[in-house]
Chemist: 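Here it is, the structure, as structure tokens.
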Amino acid sequence: MALKALDIYKLLPKKNCKECGDPTCLTFAMKLAGGKADVDLCPHLDEQAKAVLGASTRPPIRLVKIGIGERSFAIGEEFVLYRHEKTFYHPPGIFFKVSDTQTMEEVSAVTKRVRDESFIRVGSDLRCNGIALENSSGTKEMFAAAVATVEKAADLPLVLISEKTESLFAALVHCGTYRPLLHAATKENFKEMCALAKHHDCPLVIKARGLEQLAQLAKECALEGVQDLVMDSSPQSLGEFITASTAIRQLAITRAMPDLGYPVFLDATGSDIQDAAIALGIVKYASVIVTAPLSEASAKAALTLRQNIYTDPQKPIQMNPGLYRVGTPGKDAPVLMTVNFSLTFFTLQGYLESTRIPCFMLVVDTEGLSVLTSVAAGKLNETLVRDALIRFGVENEVAHKKLIIPGYAAPLSGRIEEMTGWKVLVGPRDAAEIGEYLEQEWKK
Amino acid sequence: MGSDIRFGWTGAIGSVILGATRSEGGTRKISYRVGGGTTLPFLDHAPASSPLVALEICDEPQYWPQIVRNYCGDLVDDVSAWATTAETVYGADLIRLYLTSTRQRNFSDIPLVGKAVEEVLSATGLPLIIEGSNEPGIDSEVFQKCGEAGEGERLLLGTAEAGRYRSIAAAALAYNHSIIAQSPIDINLAKQLNILLREIGIQQDHIMIDPYTGTLGYGFEYSYSAMERIRFSALKGDADLAMPMICSAIDSLTIKEVREADTAYQDEMAVAWEFYAGLAAAVAGAEIICVRHPKTVGRLKKAFTSLKTGSDPTGRI
Ligand code: SF4
């Protein structure tokens, strides 16, 4: 049950001491009510108030930080089942798995890949996030040596995978202060695991089959003093994963089972189609995804999907009409007219960039309709084009009066010429052919 | 309290029948009932059909991504052989034939269109999706011809849009085919188009929604949410959106990331791009996923099989 701000306020110390970072207890209460603050920020709360408030005011899914330094990141603190209801905030971390039975060269090489590889798309740097090291040898010596190798190569967030607390203990000697994620506490070993996690202030994965069992384990770990938890339902198929992950998200955000309010862990290496598990994890609420080192193709596709799913869906589908530049076009650069449907725009822009011919894109306001649809509906017409040419001062930018229009707008070419006085050149229908078109028609 | 995740929905996705076997009046080896879901994809209790995978082919390969020719070789010059291979080697559930021949300047050889449809029908026993012309001027004749050539086969004809649906609707009505209704990534426009189609007599069980799929990295985020919203509205009871969806991220093989990939792994990049978008689209609610790279077909089918098994709708696993 969520509490109202006023009910929360009644439980606060009313000192208005500002130590929580808020100016008054009341504003702090309002934040708590909105799930935007953590009760722990107020140092003056008595235990009873904490217990009451803790369960009902913290964000429905706990924020958990993994790693320290530049590449560290946070997961959790999500509020919705569908991204269109608000947005998804914290993209899942993707970890390449290595084993302590591999050679040090191999371990080091994978670590360096994650350290160095990045891929730039629409202005952001896309990268995988860290290394998941598995204690396949079963010995603490080999595990510790492998951790030391990883640490020597890079300061990356880590997942340490071992059922043996002694192995984790040995590994934590090397990386215990860097907030690695420990995998995993089970019904059998959770007390020792919690002690380790608590001692090093590390986040901890809990693993159980069945949601009630996971919730129970989470509760027990919290009682041991470890709250930075991540949940592994150890699915046996992709179908089990999507069912469990959807249930966890739904039951957590509605607070029907608050003990499930932690981010979700997915080991994609367990699937015989790893790409499917990764894609599914990205769209269906996984926060930590462990995979075998990915090929360049899989990595790019996975990172692009992650970027797509975690962009704010409120971003409009229509571009602002205007004159856009590709490269640094000069006075003799071509001017290409297109519509303000953002997909059309981005597709054309992509092809234009790869032609390496600097040019202008004149984006006219078809209210987000594609070329074909806007021509058919009469939205795209000569008046619209004339007004855009004037409004965006295209004549001041170029020393010619030639306008390239999309192939599907060909029926309008005569009328555009008459109304604007510009010479109209009909470009290809398919944006993919624009490079060839410019080479042949514009350059001659 | 249990970990039950029934959402209390009352609506259900309608279904559309594609293809007709001999006993159903056609010549297909198999027919499909697409749709019928009552909750989010893959959470279904009942074994509602897995999403289907369609391989897209065309009758005039000069308008097709080069990467497909590189992979398939001369096969792409013989539409019949291409269709047969799609079924027997690539393992597609459906074939989507694009009549790209109609894109040639001043195309007027309408009988050629009928011939292409007939050839593909005899080359494969799979149900067909036919993409007609891209030129409003010849729409009427082209769709009429396709409809006639596939009479009795329960084709899926594409693609109707808001300003351009009459010819295709007429052909569908005359020969009892279904149609693809495409709107530019907008739930309201999708709904409006479905209403327009209903008003001219197309039954709801003859419509598939195409919410328009932007390729991964090129608008896919919009398409993904449009699909989720359409599915969600249908489950909440909006009958004008309760049709199954079809998705085709057709630019996947021509975007920069794929085109400029090193030739040594260009196929892999193409498949990854189609696969990630296709899987995500199916999770958002698409029932037919169309792809162009033959290797994507098997991967998607395998993934859908794994998604369908072992799930228990109560969330207890
Ligand atoms: S720290 Fe506690 S007592 Fe102080 S202002 Fe904040 S809520 Fe009030």
Side-chain angles (χ1 to χ4, degrees), chain A residues 82-84 121 209-212 215 233 235-240 242-244 246-247 250-251 256-257 260 271-273 275-276 279-280 282-284 295-298 300-302 304-305 307-309 311 313 317 341-343 346-347 350-351 353-354 368-370 372-373 376-377 429-430 432, chain B residues 1-3 5 7 40 42-43 63 65 103 134 136 161-164 184-186 212 214-222 224-225 228-229 232 251 254-257 259-261 265 268-269 271-273 275-277 279-280 283-284 299 302-303 306-313 315-317:
Chain A
Y82 302 102
R83 56 191 285 279
H84 62 79
R121 286 206 80 260
R209 281 183 57 76
L211 300 189
E212 273 88 4
S233 64
Q236 303 296 299
S237 72
L238 297 179
E240 280 191 6
I242 191 173
T243 312
T246 306
Q250 172 73 358
L251 295 167
M257 282 179 79
L260 290 176
S271 167
D272 57 345
I273 348 165
D275 283 317
L280 198 60
I282 290 169
V283 294
K284 286 289 161 179
S295 68
E296 182 176 334
S298 291
K300 281 191 176 179
T304 305
L305 179 63
Q307 183 188 41
N308 275 180
I309 295 299
T311 47
I317 185 108
F341 181 37
S342 64
L343 264 60
F346 287 123
T347 307
Y351 287 115
E353 277 171 356
S354 56
L369 297 179
S370 68
L372 198 62
T373 317
R429 291 180 167 192
D430 188 341
Chain B
M1 178 166 61
S3 47
I5 50 156
F7 297 90
L40 298 181
F42 305 108
L43 299 184
Y63 301 101
R103 294 186 195 175
N134 257 348
E161 296 176 77
R164 190 168 169 231
I185 321 189
D186 182 305
Y212 189 105
T215 298
L216 200 60
Y218 295 84
F220 183 73
E221 66 270 44
Y222 299 112
Y224 180 82
S225 283
E228 279 201 321
R229 293 184 65 186
F232 183 62
D251 290 321
T254 46
I255 50 140
K256 193 168 60 185
E257 286 78 358
R259 222 176 40 231
E260 291 175 4
Y265 56 79
E268 204 199 331
M269 190 68 84
V271 173
W273 228 262
F275 179 85
Y276 273 79
L279 187 90
V283 171
R299 293 232 197 141
K302 196 169 168 198
S306 176
L307 267 160
K308 283 310 276 188
T309 53
S311 58
D312 171 349
R316 292 187 193 89
I317 61 176

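From a predicted model like this one, the values you see are computed outputs, not experimental measurements. By convention in this document, chain letters (A, B, ...) are assigned in the order of the sequence lines, proteins followed by strands, and residues within each chain are numbered from 1.
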Chemist: Examine distances only and state if a side-chain atom of A:Arg83 and a backbone atom of B:Glu221 form a donor-acceptor pair shorter than 3.5 Å.
Modeler: yes
Chemist: Between atom CG of A:Asp275 and atom CG of B:Leu279, what is the distance when rounded to the nearest 0.5 Å?
Modeler: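 The CG atom of A:Asp275 sits 9.5 Å away from the CG atom of B:Leu279.
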Chemist: Parallel, tilted or perpendicular, judged at 30° and 60°: which one describes the rings of A:His84 and B:Phe232?
Modeler: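 A:His84 and B:Phe232: tilted rings.
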Chemist: What closest approach, in Å, do B:Pro184 and A:Leu369 show between heavy atoms, and which atom pair accounts for it?
Modeler: CG-CD2, 4.1 Å
Chemist: Counting C-beta onward and ignoring hydrogens, is there a side-chain heavy-atom pair between A:Ser342 and B:Tyr222 closer than 4.5 Å?
Modeler: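 SC-SC contact between A:Ser342 and B:Tyr222 confirmed.
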Chemist: If you compare all heavy atoms of A:Thr243 against all heavy atoms of B:Leu43, which two are closest, and at what distance to 0.1 Å?
Modeler: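 Scanning both residues, the minimum pair turns out to be CA-CD2, 3.6 Å.
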Chemist: A:Ala215 versus chain B, heavy atoms under 4.5 Å apart: side chain, backbone, both or neither?
Modeler: neither
Chemist: Taking all heavy atoms of B:Gly217 and all of A:Thr304, pick out the closest pair and write down the distance.
Modeler: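 Taking every non-hydrogen atom into account, CA-CG2, 3.4 Å.
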Chemist: Between B:Tyr276 and A:Ala301, which heavy-atom pair has the shortest distance, and what is it?
Modeler: CD1-CB, 3.5 Å
Chemist: Mind listing the closest non-hydrogen atom pair of A:Tyr351 and B:Ile255 along with its distance?
Modeler: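 Closest pair (atom of A:Tyr351, atom of B:Ile255, distance): OH-N, 3.9 Å.
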Chemist: Looking only at heavy atoms, which two atoms of B:Lys256 and A:Ser354 are closest? And how far apart?
Modeler: CD-CB, 4.4 Å
Chemist: For A:Ile273, is it the side chain, the backbone, both, or neither that has a heavy atom closer than 4.5 Å to a heavy atom of chain B?
Modeler: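 Interface part for A:Ile273: side chain.
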Chemist: Can A:Lys300 and B:Glu257 be counted as an ion pair, charged N to O under 4.0 angstrom?
Modeler: no
